[in-house]
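To start, the structure under review is shown below, and the notes come after it.
Positions are given from 1, in the same order as the sequence printed here.
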Amino acid sequence: MPNPEQTEQLHYVACLDLTSRSCLVVGSGKMAREKVEGLRTTGAIVTVVAPQDYRAADLEGIWLAVVATSDDELNRRISADAEARRVFCNVADVPELCSFILPALHRRGPITVAVSTGGASPALAQWLRDRFASQVGFEHEQLAGELRKRRPWAKKNLHSYEERRDYFRELVTQALG
């Protein structure tokens, strides 16, 4: 049940597998290009539509949409069109029109550091991301790879979530002190 005293929107945080999933980016500037690059890096199939060419039908078969335009009316229309089709939609710099927001990211091998301020301040999220990311080094990247290799053995031989959790916590503690 929602807390009636809560005044800020909280988001459920998840990492999405967009491999071979259709995504739409509406925009034509630098921000749109950055969004396209980020989606394609994950293996998404990205369709790019210039703002003046956008039609509601562009959302058919789309899993996720990102809007990077400066046209407030168009942003609202795309957000509403996406909502009507149950397509997750992010309108850059307009959190109230978003059904998901994008954290500030840093990737190092399999490790991703993500920081969000719930849409309050992308600048603060980026600043924090940079501070946290500086703590993630090569040794962490290597350890993540080693732990990934041990997951099949642990799944087969350790029968409960708690046993697996404790096993991996011990390995991390041994490796990193």
Side-chain angles (χ1 to χ4, degrees), residues 1-3 5-25 30-47 61-68 82 86-93 95 98-177:
M1 173 176 256
N3 180 349
E5 296 175 15
Q6 182 179 321
T7 59
E8 297 182 26
Q9 173 67 40
L10 294 180
H11 294 85
Y12 186 80
V13 179
C15 296
L16 304 176
D17 178 1
L18 295 176
T19 305
S20 299
R21 301 198 192 277
S22 296
C23 298
L24 175 70
V25 174
K30 180 181 179 196
M31 186 183 301
R33 288 190 299 275
E34 289 173 356
K35 304 302 183 186
V36 168
E37 182 180 323
L39 287 166
R40 285 190 176 146
T41 297
T42 70
I45 300 166
V46 182
T47 300
I62 296 295
W63 283 74
L64 183 142
V66 178
V67 183
R86 296 183 176 219
V87 172
F88 280 103
C89 183
N90 175 273
V91 180
D93 294 330
C98 297
S99 56
F100 77 96
I101 57 173
L102 296 167
L105 296 177
H106 170 79
R107 297 182 194 272
R108 180 170 188 128
I111 299 172
T112 301
V113 174
V115 179
S116 174
T117 59
S121 175
L124 176 58
Q126 292 164 4
W127 187 90
L128 290 167
R129 173 213 48 212
D130 293 344
R131 297 310 177 275
F132 299 145
S134 69
Q135 303 299 308
V136 180
F138 179 73
E139 67 276 16
H140 303 104
E141 183 179 351
Q142 292 297 108
L143 179 58
E146 288 300 316
L147 295 172
R148 176 179 287 166
K149 290 177 187 173
R150 293 180 184 231
R151 287 183 62 85
W153 179 89
K155 187 75 171 172
K156 181 178 179 184
N157 294 287
L158 303 174
H159 303 293
S160 72
Y161 164 78
E162 291 78 11
E163 287 178 300
R164 291 187 297 274
R165 178 198 62 208
D166 294 346
Y167 170 73
F168 283 108
R169 281 184 179 170
E170 181 61 27
L171 289 174
V172 170
T173 300
Q174 287 174 4
L176 300 176

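- Taking every heavy atom of both residues into account, His11 and Gly118 meet most closely at CE1-O, 4.2 Å.
- For Arg150, the side-chain hydrogen bond (donor to acceptor under 3.5 Å, both in side chains) test picks out Tyr167, with sequence neighbours left out.
- Rounding to the nearest 0.5 angstrom, the gap separating the CG atom in Asp166 from the OH atom in Tyr161 is 9.0 Å.
- Annotation: salt bridge (charged side-chain N to carboxylate O under 4.0 Å, His left out) contacts of Glu34 (sequence neighbours excluded): Lys30.
- Take Ser134 and apply the side-chain contact (heavy atoms from CB on, under 4.5 Å) test, not counting sequence neighbours, and it matches no residue.
- The heavy-atom pair separating Leu105 from Ala114 by the smallest distance is CD2-CB, 3.6 Å.
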Could you walk me through whether Arg131 and Val115 pass the side chain to side chain contact (heavy atoms under 4.5 Å, CB included) check? CA-CA 10 Å; Arg131 297 310 177 275; Val115 179; over 6 Å; no
For the pair Phe88 and Leu16, evaluate side chain to side chain contact (heavy atoms under 4.5 Å, CB included) and give the outcome as yes or no after the intermediate values. CA-CA 12 Å; Phe88 280 103; Leu16 304 176; over 6 Å; no
Yes or no on side chain to side chain contact (heavy atoms under 4.5 Å, CB included) for Leu24 and Val87, after CA distance, side-chain angles and deciding distance? CA-CA 10 Å; Leu24 175 70; Val87 172; over 6 Å; no
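- Pairs engaging residues 118-130 under the salt bridge (charged side-chain N to carboxylate O under 4.0 Å, His left out) rule: none recorded [sequence neighbours left out].
- Checked against side-chain contact (heavy atoms from CB on, under 4.5 Å), Leu124 has the following partners two or more places apart in sequence or in another chain: Thr117, Ser121, Leu128.
- Here Arg165 pairs with nothing under the salt bridge (charged side-chain N to carboxylate O under 4.0 Å, His left out) rule; sequence neighbours left out.
- Residues forming a side-chain hydrogen bond (donor to acceptor under 3.5 Å, both in side chains) with Gln174 (at least two apart in sequence, or on another chain): Glu170.
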Steps toward side chain to side chain contact (heavy atoms under 4.5 Å, CB included) verdict (Lys35, Leu102): CA-CA 10 Å; Lys35 304 302 183 186; Leu102 296 167; 3.8 Å; yes
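- For the side-chain hydrogen bond (donor to acceptor under 3.5 Å, both in side chains) test, no residue two or more places apart in sequence or in another chain qualifies with Asn157.
- Considering all non-hydrogen atoms of both residues, Arg164 and His159 come closest at NH1-C, 3.6 Å.
- With sequence neighbours left out, the salt bridge (charged side-chain N to carboxylate O under 4.0 Å, His left out) criterion links Glu37 to no other residue.
- Considering only heavy atoms from C-beta on, Pro122 comes within 4.5 Å of Asp93 through its side chain.
- Here the straight-line distance linking atom CH2 of Trp63 with atom CG of Leu18 works out to 9.0 Å at 0.5 Å rounding.
- Shown here are the side-chain hydrogen bond (donor to acceptor under 3.5 Å, both in side chains) partners of Arg108, two or more places apart in sequence or in another chain: Glu141.
- Judged as a ring pair (Phe, Tyr, Trp, His ring centres under 6.0 Å), not a single pair has a partner in residues 123-151 (not counting sequence neighbours).
- To the nearest 0.5 Å, the span separating CG on Asn90 from OG on Ser99 amounts to 8.0 Å.
- The salt bridge (charged side-chain N to carboxylate O under 4.0 Å, His left out) test applied to Glu146 returns Lys149, not counting sequence neighbours.
- Checking each of Leu64, Thr47, Val36 against Val25 for a side-chain contact (heavy atoms from CB on, under 4.5 Å) leaves exactly one that passes, namely Val36.
- To the nearest 0.5 Å, atom CZ of residue Arg21 and atom CD1 of residue Ile62 are 12.5 Å apart.
- Residues Pro110 and Arg148 meet the side-chain proximity criterion, which asks for heavy atoms closer than 4.5 Å.
- Thr112 contributes no side-chain N or O that, together with a main-chain N or O of Arg107, makes up a donor-acceptor pair within less than 3.5 Å.
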